[in-house]
A.B. asks: 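Okay, handing you the structure first.
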Amino acid sequence: MVSRRIVRDTGYIDEEEILNSLKQAKTASKAQSLDIVEKSKSFAGLSPDELAVLLMNNDPEVRDAVFEAAHSVKERIYGSRMVFFAPLYASNTCVNNCLYCSFRKDNKDIVRKVLTEEEIENETKNILNQGHKRILVVVGENPRLAGIDYIEKAVAAIYRTRSGKASIRRVNVNCAPLSAEEFRRLKAAKIGTYQIFQETYYRETYRQMHPSGPKRFYNWRIEAADRAMDAGLENVGIGPLFGLFDWKFELMATLMHAEHLDSKFGIGPHSISISRLEPESNAPAAENPPFTLTCEDMKRIAALLRLAVPYTEIILPTRESPELRNQLYDLGVSQTSAGGGYAKAHHPETEQFPTGDTRSLAEMTRRMCHEGCIPSFCTACYRSKRTSGRFMKLAKHGDIHKMCEPDALLSFKEYLIDYADQATRVEGEKTIAERLEMLEPTIKERIRTLLAEVESGKRDVYV
Ligand code: SAM
Ligand code: SF4
């Protein structure tokens, strides 16, 4: 049994208990597994022991039941909207040596670059011109060249950039762990979400993967989410980098990390990313991943996470193939990056990864319409202070979709008018008309009126 106590010397994650729980779960019957799936449909989440049972059961009937339940939980909580964001790699200088990343200090084969404010503004204009309203700034760890002073300036540069009347409405940040004081500065810079991946929750692998630099300190990293939340940054994103260690262990540990934050702050992680280790040059662990994951494993990860932590946003990065991405959207993913290529076009040396999905944002929105999703550029929760606690309360009760779907329609309408080509606009308007009809009668007329306001030129409209 996984106990609920906090184990001080190994952080919040008790490795032995996770491994034991997975071992014991092998004896659970198919009927027990199906009962757990049934229970999860009421958005209660899964305990680590329940998750272990579903992880260890390979019966196709259980697998299908998990997929079906994950789809319905996602629809019920978030509706069928898919939020888009654009990553912006601001700096690739790094003092660490992570064996899986090409930004690592010992990689002498890349050109190091810290974008100037002017370059960041140009990059932001490109991203704006594609129709995005959210940016995730990604920064390698270099306190001297790209520390908190730099990150503050980068965030400010993005917020002040205009392309016509358009501007970025939410800047999220993925950077190395900061001190409490630095997190307070990040909060003052008005960022949306702070994102920090533990990479692997298994300490021995963590030690091997991070041979030098400040990132070698496991506790400093795992406690970054706590420091950020203590500093008032309540929207925190976490996640492992799948492929460094056994994915089943990582999923169990991710759930325990989420439970820790939820019990300490009353707010769980705003998002969990499901990144998979991708090939990288001069990054030995990426060239030869210690653990390989199949597409089927990725589907189980998305679905089980949706059942285990139903209220959290699940984020899928750009790097997966279009086919797999489409399947993962169905199983629980609620946010994704899109429109890869802009950073590469302007700063080839700064973009870190080859993208498996090179579809343009317009192509992706059309595809989503086909698949029954509403592409969303919404930032309403953040702007109407429906963040953190309030957002999570609504999400936990399965009520957030009542805002998400209408707001998705309004933001999509804005995108179609301002950025879409004719074919995308036709496809998109059809989706909006269909989804409008599916809204509850009490809200339908109001949204029809708000859509008309967007049509007549009003912007940033939300319920
Ligand atoms: N330096 C900061 C840090 O490590 O937290 C942020 C920048 S780092 C580039 C952002 C994330 O990229 C890492 O947390 C890691 O999960 C991911 N990453 C690094 N190498 C990767 C690879 N080969 N494949 C997929 N993701 C990778
Ligand atoms: Fe640096 Fe982050 Fe890459 Fe590690 S993952 S080498 S810390 S940029």
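Below, each value reflects all heavy atoms present in this structure, side chains not excepted, and no hydrogens, waters or symmetry copies. As the structure lists them, so they are numbered: ligands from 1, and atoms in each ligand from 1.
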A.B. asks: How about His210 and Tyr100: are their ring centroids closer than 6.0 Å?
C.D. replies: yes
A.B. asks: Any non-hydrogen atom of Gly140 lying under 4.0 Å from ligand 1?
C.D. replies: yes
A.B. asks: Which of the numbered atoms in ligand 2 are under 4.0 angstrom from any heavy atom belonging to Gly140?
C.D. replies: 8 (S)
A.B. asks: So does Cys94 have any N/O/S atom less than 2.8 Å away from atom 3 (Fe) of ligand 2?
C.D. replies: no
A.B. asks: Could you pull out, from Val173, Val139, Thr200, Leu99, the option with a heavy atom nearest to atom 2 (C) of ligand 1?
C.D. replies: Val139
A.B. asks: Would you indicate which of Cys98, Pro214, Ser102, Cys101 comes nearest to atom 4 (Fe) of ligand 2 when only heavy atoms are counted?
C.D. replies: Cys98
A.B. asks: Going by the atom numbers of ligand 2, which of them fall below 4.0 Å from some non-hydrogen atom of Lys215?
C.D. replies: 2 (Fe), 4 (Fe), 5 (S), 7 (S)
A.B. asks: Between Ile196, Leu277, Asn174, which one has a non-hydrogen atom sitting closest to atom 6 (C) of ligand 1?
C.D. replies: Asn174
A.B. asks: Evaluate whether atom CD of Glu16 has more than 12 neighbouring non-hydrogen atoms of other residues, nucleotides or ligands under 6.0 angstrom away.
C.D. replies: no
A.B. asks: Within ligand 2, which atoms have a heavy atom of Arg104 less than 4.0 Å away?
C.D. replies: 6 (S)
A.B. asks: Salt bridge check, Arg160 against Glu117: does any charged N sit closer than 4.0 Å to a carboxylate O?
C.D. replies: yes
A.B. asks: Has Glu68 got more than 12 heavy atoms of other residues, nucleotides or ligands less than 6.0 Å from its CD?
C.D. replies: no
